[in-house]
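Heads up, the thing below is written out as structure tokens.
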Amino acid sequence: MAAKLYSFVPLMQAAEQASLKGHPSAVGAFNVNFYAQAEGILEGLKRAEAPGIIQASKGANKFQGGADKIQYMLLKAMDNMKFGNPIALHLDHGDTKSAKDCVDKGFSSVMIDASKLDEPQNIETTKEIVLYAHAKGVGVEGEYGKLAGVEEDIAHENTTYADPKFVPVFLDRSGADALAVAYGTSHGPNKGKTSALNVGIVTESYAGLKAYRMNTRYFLVGHGSSTVPKELVDEINRFGGTLKGTSGVPDYMIKNAIKEGIRKVNIDTDLRLGITAVFRKYLSDHKDIEKKSEILGVIKRVFSGETPAKDKDGNPVDSGGLVDPRSYLDPVMAMDPGILREDYRKLKDEAFIEVMNMVRERIAEHVKGLCVMFGSAGLASQVDTGMTLEAMAAQYGK
Ligand code: G3H
Ligand code: 13P
Ligand code: ZN
């Protein structure tokens, strides 16, 4: 396949350069699990003329049957769409094993999240991945401090904020290109009070990078940045959902964090909510859908509770509280993985094609809007496309 992937470094560099010129900006990093979602993200980036980071978690790689399958799926979507904006394929919240595996399987950047370890061990673990990844020009993100809530398989009761003074030290010692700094955000649709957010940590961390002239080479990342739009939650609940106590990071807070130095913004939950809203509405508008589409019939049974819903680790979830599409798409994966990995328009199932087109469109518009908010719209042409993975590897080797 001809499609090309870049390290996330030149993308964040373009955002930093724009920010230095008075146009605060950050690259959106969007989580992906299945084909229509990949096309939706790419379409949103295309409409915004934005660079972007497409990221897959360990859970996403497991869902598709391996990192190579995710890479295949993304390249296929890029080829089908003749997509030309510079993008990276990134591992989200990896461990040593998955990070090395993703470097081997063609990801162009990886995150090693060793934040559960103490600082010296976190730095050592991150450095091990840096040595492995940089040899191939692949970029590396570490994590410093702990986010509140559940982060992959790492559960943190409360946020442990990053110490801004230590951020340049962490980056210098580990050699990572980017660092997720915990400043009070959390994953998922129930983020709690905004009073937990301390953007001052970003301000001070970025000031430290600038003081050491590190800001064009090392970048700060904001996780848990979904805005959790009320309209989406209301739509889900109007069509059978029972989501309660939801809240996201307000737009003005995200913009402020970008103004203060965040250059990569992570979004997963907002896409999950958009996808779930589309499925819930469609199933509600088409009562006898199982007569038309076997695939949608299988999905409907999870929403109705007839097929028990499970989370990505196989634990039971209440069907009214479904947010993660993998919970209701898992039985489809079991029918045939191609349904969720290949171009869905080739299937002989008009209703499923219709709903996947709606998913694609919903994601595209949301991603486009976020790119405008992040200041990355129009930035695709500003990325130095001479910085290929080979060029990056040569630069790291110097
Ligand atoms: O870290 C959280 C991201 O939203 C990825 O979530 O591990 O459920 O795929 P996941
Ligand atoms: P959200 O749950 O806020 O979308 O955060 C996603 C994230 O940080 C992925 O690593
Ligand atoms: Zn995260």
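Along the sequence shown, residues carry numbers from 1.
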Using a strict cut-off of less than 4.0 Å between a Lys/Arg side-chain nitrogen and an Asp/Glu carboxylate oxygen, indicate whether [X] and [Y] qualify as a salt bridge.
{"X": "E143", "Y": "K116", "result": "no"}
{"X": "K346", "Y": "E342", "result": "no"}
{"X": "R345", "Y": "D343", "result": "yes"}
{"X": "K291", "Y": "D288", "result": "yes"}
{"X": "K230", "Y": "D234", "result": "yes"}
{"X": "R272", "Y": "D268", "result": "yes"}
{"X": "K281", "Y": "D285", "result": "yes"}

Calculate, to the nearest 0.5 Å, the distance between atoms [atom1] and [atom2] belonging to [X] and [Y] respectively.
{"X": "T276", "Y": "D324", "atom1": "OG1", "atom2": "CG", "answer": "8.0 Å"}
{"X": "N31", "Y": "Q55", "atom1": "CG", "atom2": "CD", "answer": "4.5 Å"}
{"X": "E119", "Y": "T126", "atom1": "CD", "atom2": "OG1", "answer": "11.0 Å"}
{"X": "S57", "Y": "D113", "atom1": "OG", "atom2": "CG", "answer": "12.0 Å"}
{"X": "L11", "Y": "Y6", "atom1": "CG", "atom2": "OH", "answer": "9.5 Å"}
{"X": "K310", "Y": "L322", "atom1": "NZ", "atom2": "CG", "answer": "12.5 Å"}

Task: side chain to side chain contact (heavy atoms under 4.5 Å, CB included), paired with M12, selected from E141, Q17, K264 - done: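 It is K264, the one option of E141, Q17, K264 that forms the side chain to side chain contact (heavy atoms under 4.5 Å, CB included) with M12.
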TODO: Report the residue from I123, N122, D118 that forms a side chain to side chain contact (heavy atoms under 4.5 Å, CB included) with P120.
DONE: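 Among I123, N122, D118, the one that satisfies the side chain to side chain contact (heavy atoms under 4.5 Å, CB included) with P120 is D118.
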- [ ] Assess whether salt bridge (Lys or Arg N to Asp or Glu O under 4.0 Å) is satisfied between K300 and E290, documenting all intermediate values.
- [x] CA-CA 8 Å; K300 182 180 172 177; E290 59 277 22; 3.0 Å; yes
- [ ] List the steps and the verdict of ring-ring contact (aromatic ring centres under 6.0 Å, His included) for Y183 and Y161.
- [x] CA-CA 5 Å; Y183 70 96; Y161 296 98; 8.7 Å; no
Determine, using the 4.5 Å side-chain heavy-atom cutoff (strictly less than), whether [X] and [Y] are members of one ILVMFWY cluster.
{"X": "F8", "Y": "V103", "value": "no"}
{"X": "L347", "Y": "M358", "value": "yes"}
{"X": "V355", "Y": "L232", "value": "no"}
{"X": "F30", "Y": "F63", "value": "yes"}
{"X": "I363", "Y": "Y282", "value": "yes"}

Give me the atom names and distance for the closest heavy-atom approach of [X] to [Y].
{"X": "V27", "Y": "G52", "answer": "CG1-CA, 3.8 Å"}
{"X": "F107", "Y": "A67", "answer": "CE1-O, 3.5 Å"}
{"X": "S108", "Y": "A88", "answer": "OG-CA, 3.4 Å"}
{"X": "M392", "Y": "P10", "answer": "SD-CD, 4.4 Å"}
{"X": "G59", "Y": "R326", "answer": "C-NH1, 3.3 Å"}
{"X": "I339", "Y": "V332", "answer": "CG2-CG1, 3.6 Å"}

If you count the non-hydrogen atoms of other residues, nucleotides and ligands that lie under 6.0 Å from [atom1] in [X], is the total more than 12?
{"X": "E294", "atom1": "CD", "answer": "no"}
{"X": "E49", "atom1": "CD", "answer": "no"}
{"X": "K292", "atom1": "NZ", "answer": "no"}
{"X": "K105", "atom1": "NZ", "answer": "yes"}
{"X": "K136", "atom1": "NZ", "answer": "yes"}

Open item on the list: Within the 3.5 Å criterion, strictly below it, is a donor on S293 or D349 matched to an acceptor on the partner's side chain?
Closed with: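 There is such a pair between these side chains.
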Task: Under 3.5 Å side-chain donor-acceptor pair for D101 and S98 - done: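 Short answer, no.
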Task: Audit row: R47, E365, salt bridge (Lys or Arg N to Asp or Glu O under 4.0 Å) steps and yes/no - done: CA-CA 8 Å; R47 289 179 196 175; E365 275 305 291; 2.8 Å; yes
Task: Listed partners of D251 passing side chain to side chain contact (heavy atoms under 4.5 Å, CB included), at least two apart - done: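 Applying side chain to side chain contact (heavy atoms under 4.5 Å, CB included) to D251 gives T227, M373.
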Task: Centroid-centroid under 6.0 Å between F352 and Y344 rings - done: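 Centroid separation for F352 and Y344: 6.0 Å or greater.
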Task: Y144 ring center near F166 ring center (under 6.0 Å) - done: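 Yes, close enough.
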Side-chain donor-acceptor contacts of residues 201-220 below 3.5 Å, not counting sequence neighbours, with atom names and distances?
| from | atom 1 | to | atom 2 | distance (Å) |
| --- | --- | --- | --- | --- |
| T203 | OG1 | V199 | O | 3.1 |
| T203 | OG1 | E260 | OE1 | 2.8 |
| S205 | OG | I201 | O | 2.6 |
| Y206 | OH | E16 | OE1 | 3.3 |
| Y206 | OH | E16 | OE2 | 2.6 |
| N215 | ND2 | E16 | OE2 | 2.8 |
| R217 | NH1 | D177 | OD1 | 3.1 |

TODO: Test side-chain contact (heavy atoms from CB on, under 4.5 Å) on L283 and H286 and set out the steps.
DONE: CA-CA 5 Å; L283 294 177; H286 300 79; over 6 Å; no
Task: Audit row: E128, K100, salt bridge (Lys or Arg N to Asp or Glu O under 4.0 Å) steps and yes/no - done: CA-CA 10 Å; E128 183 187 338; K100 288 186 177 174; 2.8 Å; yes
- [ ] Please state whether the rings of H187 and H223 are parallel, tilted or perpendicular, taking 30° and 60° as the class boundaries.
- [x]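 Ring orientation, 0 to 90° scale: perpendicular.
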Open item on the list: Keeping K191 on the side-chain end and S186 on the backbone end, is there a donor-acceptor pair under 3.5 Å?
Closed with: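 Flag set: sc K191 to bb S186 pair under 3.5 Å.
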Open item on the list: Whether the side chain of N237 engages the backbone of T242 through a donor-acceptor N/O pair (distance < 3.5 Å, no angle test) should be reported.
Closed with: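 At least one qualifying donor-acceptor pair exists.
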Open item on the list: Evaluate N80 against Y35 for side-chain hydrogen bond (donor to acceptor under 3.5 Å, both in side chains), listing each step before the verdict.
Closed with: CA-CA 11 Å; N80 285 347; Y35 183 88; 2.8 Å; yes
- [ ] Start with the C-alpha gap between N61 and C102, add the side-chain angles, then the distance that decides, and say whether side-chain contact (heavy atoms from CB on, under 4.5 Å) holds.
- [x] CA-CA 9 Å; N61 287 332; C102 285; 3.6 Å; yes
TODO: Show your reasoning for whether salt bridge (Lys or Arg N to Asp or Glu O under 4.0 Å) applies to E235 and R362.
DONE: CA-CA 13 Å; E235 189 179 347; R362 182 70 74 102; 2.9 Å; yes
